[in-house]
Amino acid sequence: MAIDRKFLTTHMLVLISTCIAINMVLGQVASMIKLPIFLDSIGTFIAALLGGPWIAALTGLLTNLIWGLISSPVAAAFAPVAIVIGLSAGFLARAGMFNTWYKVVISGVIITICLTLVATPIRTYLFAGVTGSGADFIVAYIHATGEKLWQSVASTIILANLADKIITGLIAWQLVKHLPKRTKQQFPQHK
């Protein structure tokens with residue numbers, strides 16, 4: 001299978017590399033201080049806004065695979081979730097859902113719904129609800145109130161990711177919005 005050279009230009013490779021670094025640094029900081037949100041997809045959102053859904057999906061995938069190799073094997077298991085985040089953010093950006101703050105909030109809700117469908121079985125069946133993140137407390141609490149494990153996991157994923165994806169979307173939108181016009185014009189999502 002040949003890779004389309006228009007897809008992976010030098011600009012796109014730099015964008016992907018930079019966004020992977022953003023994801024890993026912010027995700028690691030959130031993990032180290034046990035925040036109940038992740039902040040590990042701001043780079044993926046930036047890739048979605050500038051490069052589109054496929055660049056964002058590749059950014060998310062590579063982030064999780066690299067992170068899984070060098071730091072946390074749990075991250076590699078969630079690579080499908082990162083792909084879904086990139087694709088949904090990219091398609092929403094393409095549809096104009098990152099043009100105003102309230103559309104970004106709606107996008108965060110839609111992305112959360114999409115990723116919940118993929119993340120719930122991974123977290124439930126591979127990790128019994130415990131991944132070492134700050135959200136583990138929420139899973140344990142909801143489960144202790146009598147909910148089934150998968151319901152506890154799904155509720156936690158929705159709660160943690162709703163806040164995370166809205167905050168992530170707003171941060172990425174503002175960062176891209178304030179890039180110089182000349183920089184934005186080098187990426188296909190803004191042409």
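The first residue in the sequence is number 1, and the count goes up from there.
Identified under the ring pair (Phe, Tyr, Trp, His ring centres under 6.0 Å) test for residues 99-138, with sequence neighbours left out: F78-F127. Among residue pairs with one or both ends in residues 123-145, those qualifying as salt bridge (charged side-chain N to carboxylate O under 4.0 Å, His left out) are R123-D136; sequence neighbours excluded. Under the side-chain hydrogen bond (donor to acceptor under 3.5 Å, both in side chains) criterion, the residue pairs touching residues 145-161 are N161-K165, with sequence neighbours excluded.
Within the 4.5 Å cutoff, the side chain of P180 has heavy atoms near those of the T183 side chain. At least one side-chain heavy atom of W67 sits less than 4.5 Å from a side-chain heavy atom of Q28. Annotation: side chain of V139 is in contact with side chain of L149 (closest heavy-atom distance under 4.5 Å). At a threshold of 4.5 Å between non-hydrogen side-chain atoms, the residues V104 and M97 do not count as touching. Residues F187 and M12 are in side-chain contact: their nearest non-hydrogen atoms beyond the backbone lie under 4.5 Å apart. Using a 4.5 Å cut-off on side-chain heavy atoms (C-beta onward), N64 and D40 make no contact. Taking the side chain as every heavy atom from C-beta outward, T44 and I20 never approach each other to under 4.5 Å.
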Would T18 and I22 count as a side-chain contact (heavy atoms from CB on, under 4.5 Å) if you check the C-alpha gap in whole Å, the side-chain angles of each, and the deciding distance to 0.1 Å?
-> CA-CA 6 Å; T18 303; I22 291 169; 4.1 Å; yes
Would you please test Q186 and L50 for side-chain contact (heavy atoms from CB on, under 4.5 Å) and show each step?
-> CA-CA 9 Å; Q186 297 177 18; L50 293 173; over 6 Å; no
Can you list the steps and then say if I85 with F45 is a side-chain contact (heavy atoms from CB on, under 4.5 Å)?
-> CA-CA 8 Å; I85 292 168; F45 274 58; 3.6 Å; yes
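Across G86 and A56, no two heavy atoms sit closer than the pair O-CB, 3.4 Å. Between A47 and T59 the shortest heavy-atom distance is CB-OG1, 3.6 Å. Heavy atoms only, all atoms of each residue included: V105 and I166 are closest at O-CG1, 3.9 Å. Minimum interatomic distance between A48 and A93 (heavy atoms only, all atoms of both residues): O-CB, 4.0 Å.
L159 and I113 fall into different hydrophobic clusters, where Ile, Leu, Val, Met, Phe, Trp and Tyr side chains are chained together by heavy-atom contacts under 4.5 Å. Cluster annotation: I110 and L117 are assigned to distinct hydrophobic clusters (Ile/Leu/Val/Met/Phe/Trp/Tyr, side-chain heavy-atom contacts under 4.5 Å, transitive).
No side-chain N or O of S41 forms a donor-acceptor pair with one of N23 less than 3.5 Å apart.
Among T112, L115, L39, the single residue meeting the side-chain contact (heavy atoms from CB on, under 4.5 Å) criterion with D164 is L39.
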